[in-house]
Number of protein chains: 2
Amino acid sequence: MSATATAERVFNFSAGPAALPLPVLQEVQDELLCYPGAGASVMELSHRGKVFIDIMEQAEASIRSLLNISDDYAVLMLQGGAALQFSMIPANLLRDSGKSAQYLLTGAWGKKAIGEAKKEGTVDIAYSAAESNFDRVPTAGDYQTDDNAAYLYYCSNETIQGVQFQSEPQTGADVPLISDASSDFLSRPLDINKYGLLYACAQKNAGPAGVTVVIIRRDLLERGSESLPGYLNYKNHASNGSMWNTPPTFPIYVLGKVAKWLQNDIGGLETMEAQNRAKSALLYGTIDKHPEFYLGHAQTDCRSMMNVTFNLPNEELLGQFVAEASKQNLQNLKGHRSVGGIRASIYNAMPHEGAQALASFMDDFANKNG
Amino acid sequence: MSATATAERVFNFSAGPAALPLPVLQEVQDELLCYPGAGASVMELSHRGKVFIDIMEQAEASIRSLLNISDDYAVLMLQGGAALQFSMIPANLLRDSGKSAQYLLTGAWGKKAIGEAKKEGTVDIAYSAAESNFDRVPTAGDYQTDDNAAYLYYCSNETIQGVQFQSEPQTGADVPLISDASSDFLSRPLDINKYGLLYACAQKNAGPAGVTVVIIRRDLLERGSESLPGYLNYKNHASNGSMWNTPPTFPIYVLGKVAKWLQNDIGGLETMEAQNRAKSALLYGTIDKHPEFYLGHAQTDCRSMMNVTFNLPNEELLGQFVAEASKQNLQNLKGHRSVGGIRASIYNAMPHEGAQALASFMDDFANKNG
């Protein structure tokens, strides 16, 4: 690895695909032509060979260890992203169940999930934050739970709006809780035993695009019908160790390295959360210091630790902010095209110095232009 | 790139994921920490940013140029592998069509495709090579075409059995021809205008696992119902330039580099085919030189240019063959667990010297043990 190559790297606030840990990228680079002992690149290895099976088992073991996942759950590594999960979940757990599914609607991703679920069965939108332009998540009492629901579904962190659940929402008695954790997976500890199914596409905190981790309680595997398209049936993947078909080998390899980095370099999810909290506190602190200038989108108690969203007084200042930040190597800060403003995504791999550099730029920019 | 790393590389006869061109891997390695001008790894780039959009457009342009694909066809880059295509094709083109679909069954992959198609509608297995243990493909007259079929489906190269169509099979009048070209895509020229849909997972000739290229005639995009799971509807992907959801960015980036290598380093698909023919001729020539010792699986006129399958007189010699080959850096020669024997996969990226080394090892081994 050349020093130059590292020196050229910017602080990348992309919402995903997003920054990856530099030590992981360096290992990937070192091994790119020859995975140790294999005489070939990881990309060239048969998924049925011992070397790759070890890589995949290691990746799963690291995820299990980080989240303390028992054998009551299968850990799958699939293709198709969150978008395919939007369909797979209701296709397996709602279709022909005679029940309805509860959805908590707190942003853009929940909305897409609901659109797909409606094709498979009855959807009960138990809570919606649409009226307040998705600036919050519900608290206990904001919606009615249904003891007869097929499941209750929520998106733990909405990347576009920058709102995040601080803890799991309530469900009806014995109703499986299902979480789209795509954008906060592995950013903090969680008690997997509260969930029926939790999934995350990797490209925020956990790895590159192209692999989606699905953690599913094994009893739920029995609910999918044999008539489903084979790829959509969780049971096929679970009974074949995610090798029902050729898995996305390289993305899984990088995912495994990121999980190992969380275990060994960071020291686990408690420490990761503390680091993530510190980074987001820097940015939210700066917003709160200039409340007339930086207009935070999320209600204070629903703020995302991952995606800090805010606007500026006018479009001109917004453009100026992005342009000047870019000159200081603070990149990809433009908000999603559907909401505008600024979005600073500060996932696991964003170093503290990146958040610090942005906070100090924001402070200067507000002082100069506010 | 260190010289050591290259020196350690073996001749990798894996059936897929398979060998990739060394110059491609070297470029990927060089750019791994910083894609030129991006200040970040390709894996860290937003799929919505200009840099990655350029990468994706370039990959598509190279594929279009190599196969001379007109704008009558969409070129999609999807997740889920061939396994998801087994379902997507009948879900879009057979379900509720009131028609049946014709399938030519020439090996293991065709069989899986038929299993999924039967969930979606009526399947007419117009031809099956099961009786002769899948050692051949049909010629004109071996089956009846149906002018009213929803489509006719075949697998152009069966990797496990090592049989390959030398040209397109006949269809009924105006019946779309559909090909699983996973294992011979970009290995030879073809006239895309003969096809309604042709698809290939990348991990044989075209790139790493995790991306599947689907080339579909645009009029067929209209056949999928709005009620399909969104990811399964080709139209969603076509109307969004394969960015209906986050695409598998890194596999697409490598696919693009392989396509560029075919254009610039190899000089196009005619040359690639000539090289592939020469490699397979070396191996089949050696089999034919020792007809009592090497028992080729495929009928001579159906031999695959990609996967050379044969057996040895007994299990002991088979084990010895694999072990001795391995000592000479000829790796991953064991046949698929379902058929046994030897399988030498010699896709685009297998250098001529690799095929030569194997042929000469085979000759020596037969002379010593035959």
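All figures in this text were calculated on a predicted structure; none of them were measured in a lab. Every chain is numbered from 1 and lettered A, B, ... according to where its sequence line falls, protein lines coming before strand lines.
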Handout entry: Charged N-O contact under 4.0 Å between Lys260(A) and Glu27(A)
Key = no

Exercise for the section: Given side chain to side chain contact (heavy atoms under 4.5 Å, CB included), test Asn245(B) with Lys112(A) step by step and report yes or no. Expected result: CA-CA 11 Å; Asn245(B) 70 333; Lys112(A) 291 194 180 198; over 6 Å; no

Below 4.5 Å, heavy-atom pairs only: which of [options] has the largest tally toward chain A?
| options | answer |
| --- | --- |
| Ser46(B), Pro208(B), Ala91(B) | Ser46(B) |
| Gly115(B), Pro248(B), Gly39(B) | Gly39(B) |
| Pro229(B), Gly49(B), Gly81(B), Cys201(B) | Pro229(B) |
| Ser41(B), Ala83(B), Gly80(B), Ser87(B) | Gly80(B) |

Between [X] and chain B, which part of the residue has a heavy atom less than 4.5 Å away: side chain, backbone, both or neither?
| X | result |
| --- | --- |
| Val254(A) | side chain |
| Leu20(A) | both |
| Glu120(A) | side chain |
| Thr249(A) | both |
| Ala19(A) | both |
| Asn12(A) | side chain |
| Leu232(A) | side chain |
| Pro247(A) | backbone |
| Ala38(A) | backbone |
| Glu31(A) | neither |

Practice task
Looking only at non-hydrogen atoms, find the nearest pair between Asn348(B) and Leu186(B) and report the distance.
Solution key: ND2-O, 3.0 Å

Fill in the blank from the handout: Taking every heavy atom of Ala349(B) against every heavy atom of Trp261(B), the minimum-distance pair comes out as CA-CH2, 4.4 Å

Would you indicate whether the side-chain heavy atoms of [Y] and [X] approach each other to under 4.5 Å?
| X | Y | value |
| --- | --- | --- |
| Ile160(A) | Arg343(A) | yes |
| Phe11(A) | Leu358(A) | no |
| Tyr231(A) | Met88(B) | no |

Problem - Test item: side-chain donor near acceptor, Asp180(B) and Ser182(B), under 3.5 Å - result: yes

Practice task
Give a yes-or-no answer on whether the side chains of Ser14(A) and Asn332(A) include a donor-acceptor pair shorter than 3.5 Å.
Solution key: no

Practice task
For atom CG of Asp96(A), decide whether the heavy atoms of other residues, nucleotides or ligands shown that lie under 6.0 angstrom number more than 12.
Solution key: no

Practice task
Heavy-atom distances under 4.5 Å only: say whether Ala18(B) touches chain A with side chain, backbone, both or neither.
Solution key: backbone

Completion exercise
The interface call for Ser227(B) against chain A, heavy-atom contacts under 4.5 Å, is backbone

Exercise for the section: For side chain to side chain contact (heavy atoms under 4.5 Å, CB included), just list the numbers for Tyr199(A) and Leu78(A), CA-CA rounded to whole Å, side-chain angles, deciding distance to a tenth of an Å, and then say yes or no. Expected result: CA-CA 10 Å; Tyr199(A) 74 90; Leu78(A) 307 183; over 6 Å; no

Exercise for the section: Report the option among Gln331(A), Lys334(A), Lys118(A), Arg48(A) that has the most heavy-atom pairs separated by less than 4.5 Å from atoms of chain B. Expected result: Arg48(A)

